[in-house]
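Shown next, in structure tokens, is the structure this report addresses.
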Amino acid sequence: MCYKNLPEGYVFHDKIDLQNNKKQFWLIQGIGILIMAIMFVGGYFIAGVGFLDNEDLITLIIALIVLIVGYVLYIILHEATHGIVMYLSVDAKLNFGFVGWAAYVGSTGYFDKKHYILISLAPLVVWGIIFAVLNVFFHSGIWFWVIWFLQIGNVSGACGDLFCIYKTITYPKNVLVYDTGMNMTVYRMKTQEELEAENEQTETGTAINGESSID
């Protein structure tokens, strides 16, 4: 279940900060570059690059413009897809923005494991299917490559989302994730032992205060 506010009984568990954690940042960038290279080679075996000899310069320029504009629109739609699933999960405030070349969307809500995995996975699945269908119709020539490059951006750009999914799966069952768009704070439910210890401290404090008031 997702919440607008953090319920009682939850404490800090972990934080995912892909912007400032340089080790994680460069790991994800390296995996993304590897995926781009593999998919480019795959595209070569699917459609080849014969269009470079068959297309005129004007068509090539138009295709390049379409690719650039298409990718900018895709980045916005990628984050919008996250945002839609966030809003459907819990009616909380969304915030969109850009940091350098990267777009982000965050929420003031708190998401359980199932919903957060769906939120993270949604753009990769939705746009992966859309680009795959388009590549069925445009299966050769320059327009295959325009769509294929968008698909490459979709898959390689989802490395951060997939890393968040991996981390979320490793967390305890009852965690809640607060995602600002720039970093994710993870909260877990207090254990029975922690609750009992708090009750003991409260009872001890009450007893001491009671004795002090009597004195």
Side-chain angles (χ1 to χ4, degrees), residues 16-55 57 59-85 98-105 113-114 116-171 177 179 181-184:
I16 304 173
D17 188 348
L18 300 181
Q19 182 184 22
N20 295 313
N21 188 320
K22 298 305 181 183
K23 182 179 179 180
Q24 293 179 354
F25 175 83
W26 288 113
L27 173 64
I28 290 170
Q29 297 304 311
I31 293 173
I33 293 172
L34 178 61
I35 290 173
M36 291 175 65
I38 292 172
M39 291 187 67
F40 180 82
V41 172
Y44 176 81
F45 282 106
I46 294 171
V49 291
F51 69 89
L52 292 173
D53 297 324
N54 299 328
E55 299 290 351
L57 180 60
T59 302
L60 293 174
I61 293 174
I62 292 173
L64 179 60
I65 294 172
V66 170
L67 175 60
I68 294 171
V69 174
Y71 190 71
V72 171
L73 290 175
Y74 160 75
I75 291 174
I76 296 171
L77 292 170
H78 176 107
E79 299 305 326
T81 306
H82 280 311
I84 290 170
V85 183
F98 286 87
V99 175
W101 53 268
Y104 68 87
V105 58
K113 286 183 72 169
K114 179 181 71 175
Y116 194 68
I117 289 172
L118 289 174
I119 289 165
S120 300
L121 198 58
L124 174 62
V125 173
V126 171
W127 293 102
I129 292 173
I130 290 172
F131 293 142
V133 170
L134 288 173
N135 266 140
V136 170
F137 291 98
F138 300 93
H139 55 271
S140 62
I142 191 170
W143 297 111
F144 163 86
W145 279 102
V146 169
I147 299 166
W148 189 250
F149 273 122
L150 293 175
Q151 184 74 286
I152 290 174
N154 178 51
V155 178
S156 62
C159 286
D161 294 330
L162 293 174
F163 178 80
C164 290
I165 291 172
Y166 161 74
K167 293 288 289 184
T168 302
I169 291 173
T170 65
Y171 293 140
V177 181
D179 188 348
M182 296 303 298
N183 54 67
M184 288 65 72

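- A salt bridge (Lys or Arg N to Asp or Glu O under 4.0 Å) check over residues 140-168, counting only residues at least two apart or in different chains, returns the pairs Asp14-Lys167.
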Please tabulate, for the side chains in residues 31-44, all donor-acceptor contacts under 3.5 angstrom to protein atoms that are two or more places apart in sequence or on a different chain.
none

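- We find the CD-SG distance between Gln24 and Cys164 to be 8.5 Å, quoted to the nearest 0.5 Å.
- Once rounded to the nearest 0.5 Å, the distance linking OG of Ser140 with CG of Asn135 reads 10.5 Å.
- Residues that satisfy the ring-ring contact (aromatic ring centres under 6.0 Å, His included) test with Phe138, not counting sequence neighbours, are absent from this structure.
- Expressed to the nearest 0.5 Å, how far CG of Asn20 lies from CE of Met182 amounts to 7.5 Å.
- Note on ring orientation: taking the six-membered ring where Trp is involved, the planes of Phe131 and Trp127 are tilted (angle from 30° to 60°).
- In this view, Phe163 satisfies the ring-ring contact (aromatic ring centres under 6.0 Å, His included) rule with no residue, not counting sequence neighbours.
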What's the verdict on side chain to side chain contact (heavy atoms under 4.5 Å, CB included) for Ile46 and Phe144, showing C-alpha distance, side-chain angles and the deciding distance?
-> CA-CA 10 Å; Ile46 294 171; Phe144 163 86; 3.9 Å; yes
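- Between the CH2 atom of Trp148 and the CD1 atom of Ile152 there is a distance of 6.5 Å, given to the nearest 0.5 Å.
- Between Phe98 and Ala103, the closest heavy-atom pair is CE2-CB, 3.5 Å.
- Considering Ile119, Leu118, Leu124, Leu121 in turn, Leu121 is the only one that fulfils the side-chain contact (heavy atoms from CB on, under 4.5 Å) rule with Ile165.
- The heavy-atom pair separating Ala122 from Val85 by the smallest distance is CB-CG2, 3.7 Å.
- The shortest distance between side-chain heavy atoms of Tyr166 and Leu162 does not fall below 4.5 Å.
- Every residue two or more places apart in sequence or in another chain that forms a ring-ring contact (aromatic ring centres under 6.0 Å, His included) with Phe149 is listed here: Trp145.
- The CG atom of Leu73 sits 9.5 Å away from atom CG of Leu150, with the distance rounded to the nearest 0.5 Å.
- The distance from atom CG of Asn21 to atom CG of Asn183, rounded to the nearest 0.5 Å, is 11.5 Å.
- At least one side-chain heavy atom of Gln151 sits less than 4.5 Å from a side-chain heavy atom of Asn154.
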Please tabulate, one pair per line, all N/O donor-acceptor pairs under 3.5 Å involving side-chain atoms of residues 59-71, not counting sequence neighbours.
| unit_1 | atom_1 | unit_2 | atom_2 | d |
| --- | --- | --- | --- | --- |
| Thr59 | OG1 | Asp56 | OD1 | 3.2 |
| Thr59 | OG1 | Asp56 | OD2 | 3.1 |

